[in-house]
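Index from 1, following the sequence. Just so it is clear, the structure is predicted and the values come from calculations on it, not from any experiment.
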Amino acid sequence: MRATTAMPTAPLLACVLLLLLAVPRQAEAAAGRPLLFALRAQQVPAGALPRPPSKLRFHHNVSLTVSLAVGTPPQNVTMVLDTGSELSWLLCAPGGGGRGASSFRPRASSTFASVPCGSSQCRSRDLPAPPACDGATRQCRVSLSYADGSSSDGALATEVFMVGQGPPLRAAFGCMSTAFDSSPDGVATAGLLGMNRGALSFVSQASTRRFSYCISDRDNAGVLLLGHSDLPFLPLNYTPLYQPALPLPYFDRVAYSVQLLAIHVGGKPLPIPASVLAPDHTGAGQTMVDSGTQFTFLLGDAYSAVKAEFMKQTKAFLPALNDPNFAFQEAFDTCFRVPQGRSPPAKLPAVTLLFNGAEMAVAGDRLLYKVPGERRGGDGVWCLTFGNADMVPITAYVIGHHHQMNVWVEYDLERGRVGLAPVRCDVASERLGLML
């Protein structure tokens with residue numbers, strides 16, 4: 001999620017899913033061809049991860065992360081892959097030594113360079129809080145703030161990033177001085193890889209005009225593809241990126257925004273006015289596809305309609321929690337009781353999001369989430385994986401990566417569109433010649 005002065009991030013809960021970026025195959029690394037990566041998953045204790053910038057006040061149970069080599073000589077760092085953020089950043093150790101894998105050591109790199117105040121990068125206005133000049137050092141400073149009072153700040157710098165076997169890429173990033181504790185028995189992330197459309201994002205600086213990924217729900221593995229590639233076995237349906245004609249105060253113009261047209265529950269169209277699903281005159285109410293958020297958030301009126309219809313269709317076989325004082329992560333209050341040791345019934349009604357030219361159906365295991373440690377007698381508590389954005393609060397629809405599982409998601413910046421195709425990620429990986 002994009003950092004903002006209005007919305008905070010929160011500590012992680014139970015575990016983090018690490019998708020580790022492996023070295024691409026030599027064939028795909030050739031000039032003009034896309035880079036194909038295997039993504040691996042690893043669970044680590046929640047305390048092992050720093051808190052990435054986020055505009056949502058809820059816990060991230062899962063973060064998608066990639067492993068990159070940065071600096072000269074290369075230092076291996078693990079960064080959260082976030083299509084909702086612009087500025088990439090790393091936690092920087094103050095001296096030549098460091099705190100292990102959780103930080104980058106700028107003094108140990110011969111290619112590290114601070115960005116001076118007079119540079120064009122220091123005058124960027126894409127960021128929520130524009131960079132500022134440190135009068136004493138004449139270095140450019142960046143700051144990310146959160147509504148809970150916490151903040152992360154540091155210097156804007158440039159460094160070389162090694163992606164696959166291509167030439168090193170010199171890119172601007174935030175060298176943040178804020179320290180985060182990391183667990184000694186876990187794998188820590190050193191920062192965040194911003195992948196939105198802003199001028200300082202990794203995508204823009206790398207001149208990447210198309211990238212895609214697939215997140216598996218079966219074996220915690222997946223694929224990340226950087227660059228162009230024809231995938232005839234994937235019948236992608238495209239929806240255009242939405243951009244208002246004029247700048248609006250609450251519209252994030254560098255996010256991957258699409259037009260949400262309707263929502264169905266169990267195949268039944270919900271009576272939600274089109275005006276509720278579209279941005280208003282201030283820009284509030286846009287729909288963003290975001291890999292940095294776990295679950296999906298709907299604005300209040302749309303959420304209430306989904307909640308009412310889902311509970312109506314499941315009333316006969318799924319007992320409601322009926323606890324008005326309970327809301328998982330402060331935003332998920334459509335919850336149910338399921339006997340301990342059992343899974344929810346298989347006949348749950350799918351929730352389908354319809355866009356202009358494409359759709360995303362959320363069904364099966366992706367519909368309900370078991371709340372860790374929460375019980376009611378002999379029952380566990382399971383909640384619908386759609387949250388009420390008004391309770392967070394945020395003023396946008398956000399499609400999280402939990403609902404992108406087993407969906408090939410392509411970001412096509414050349415043609416200004418997002419492509420979606422339901423697919424088993426392990427099968428897609430085999431078709432691409434990548435055994436996971």
Side-chain angles (χ1 to χ4, degrees), residues 2-3 21 35 50 52-53 65-83 85-99 101-144 151-179 189-209 211 226-227 254 413:
R2 190 179 181 187
L21 188 62
L35 294 176
T65 74
V66 295
S67 181
L68 299 176
V70 182
T72 308
Q75 301 177 39
N76 293 324
V77 296
T78 302
M79 306 175 73
V80 174
L81 179 70
D82 191 354
T83 60
S85 290
E86 176 175 354
L87 182 66
S88 300
W89 58 266
L90 291 167
L91 295 175
C92 288
R99 297 168 298 201
S102 62
S103 63
F104 173 70
R105 303 180 306 280
R107 294 188 182 180
S109 172
S110 62
T111 48
F112 175 85
S114 297
V115 171
C117 293
S119 72
S120 59
Q121 294 163 326
C122 195
R123 295 191 296 269
S124 172
R125 290 297 178 265
D126 280 346
L127 301 177
C133 181
D134 186 326
T137 64
R138 303 302 300 170
Q139 292 181 351
C140 190
R141 305 287 299 181
V142 288
S143 179
L144 303 172
S151 64
S152 179
D153 57 45
L156 191 63
T158 65
E159 184 57 280
V160 293
F161 289 73
M162 271 64 74
V163 181
Q165 296 177 355
L169 167 70
R170 177 166 287 278
F173 73 104
C175 187
M176 313 307 273
S177 56
T178 303
T189 64
L192 179 143
L193 193 66
M195 299 286 284
N196 74 9
R197 297 185 291 160
L200 292 180
S201 75
F202 189 80
V203 170
S204 297
Q205 295 187 80
S207 298
T208 299
R209 305 305 296 162
F211 67 96
L226 298 179
V254 294
L413 281 71

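Residues passing the side chain to side chain contact (heavy atoms under 4.5 Å, CB included) test with Pro130 are Arg125, sequence neighbours excluded. The side-chain hydrogen bond (donor to acceptor under 3.5 Å, both in side chains) search around Arg123 returns none, not counting sequence neighbours. For Ser88, there are no side-chain hydrogen bond (donor to acceptor under 3.5 Å, both in side chains) partners, not counting sequence neighbours. Under the rule for a side-chain hydrogen bond (donor to acceptor under 3.5 Å, both in side chains), the partners of Ser204 that lie at least two apart in sequence or sit in another chain are Ser201.
Put simply, CZ on Arg105 and SG on Cys175 are 12.0 Å apart, with the number rounded to the nearest 0.5 Å. For the atom pair CE of Met79 and CG of Leu91, the computed distance is 9.5 Å after rounding to the nearest 0.5 Å. The CG atom of Leu169 sits 10.0 Å away from the CE atom of Met162 when rounded to the nearest 0.5 Å. In this structure, CZ on Phe173 lies 10.5 Å from CE on Met176, to the nearest 0.5 angstrom. Atom CZ of Phe211 is separated from atom CG of Leu226 by 8.0 Å, given to the nearest 0.5 angstrom.
Within the 4.5 Å cutoff, no side-chain heavy atoms of Arg209 are placed close to those of Val203. Taking the side chain as every heavy atom from C-beta outward, Val142 and Asp153 never approach each other to under 4.5 Å. The side-chain heavy atoms of Leu193 and Val80, taken from C-beta on, include no pair separated by under 4.5 Å. Put simply, the side chain of Leu156 does not reach to within 4.5 Å of the side chain of Arg141, judged on heavy atoms.
Put simply, the side chain of Glu86 never gets that close to the backbone of Asn196: no donor and acceptor are under 3.5 Å apart. With Gln205 contributing its side chain and Leu200 its backbone, the two residues share a donor-acceptor pair below 3.5 Å.
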Candidate pair Met195 and Asp82, rule side chain to side chain contact (heavy atoms under 4.5 Å, CB included), full reasoning: CA-CA 6 Å; Met195 299 286 284; Asp82 191 354; 6.0 Å; no
Pair Cys122-Cys140, disulfide bond (SG atoms under 2.5 Å apart): steps then yes or no: CA-CA 6 Å; Cys122 195; Cys140 190; 2.2 Å; yes
Please tabulate, for the side chains in residues 111-118, all donor-acceptor contacts under 3.5 angstrom to protein atoms that are two or more places apart in sequence or on a different chain.
| from | atom 1 | to | atom 2 | distance (Å) |
| --- | --- | --- | --- | --- |
| Thr111 | OG1 | Thr72 | N | 3.4 |
| Thr111 | OG1 | Thr72 | OG1 | 3.0 |
| Thr111 | OG1 | Ser109 | OG | 3.2 |
| Thr111 | OG1 | Glu159 | OE1 | 2.4 |
| Ser114 | OG | Gln139 | NE2 | 3.4 |

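When all heavy atoms of Ser85 and Leu192 are compared, the pair lying nearest together is CB-CD2, 3.6 Å.
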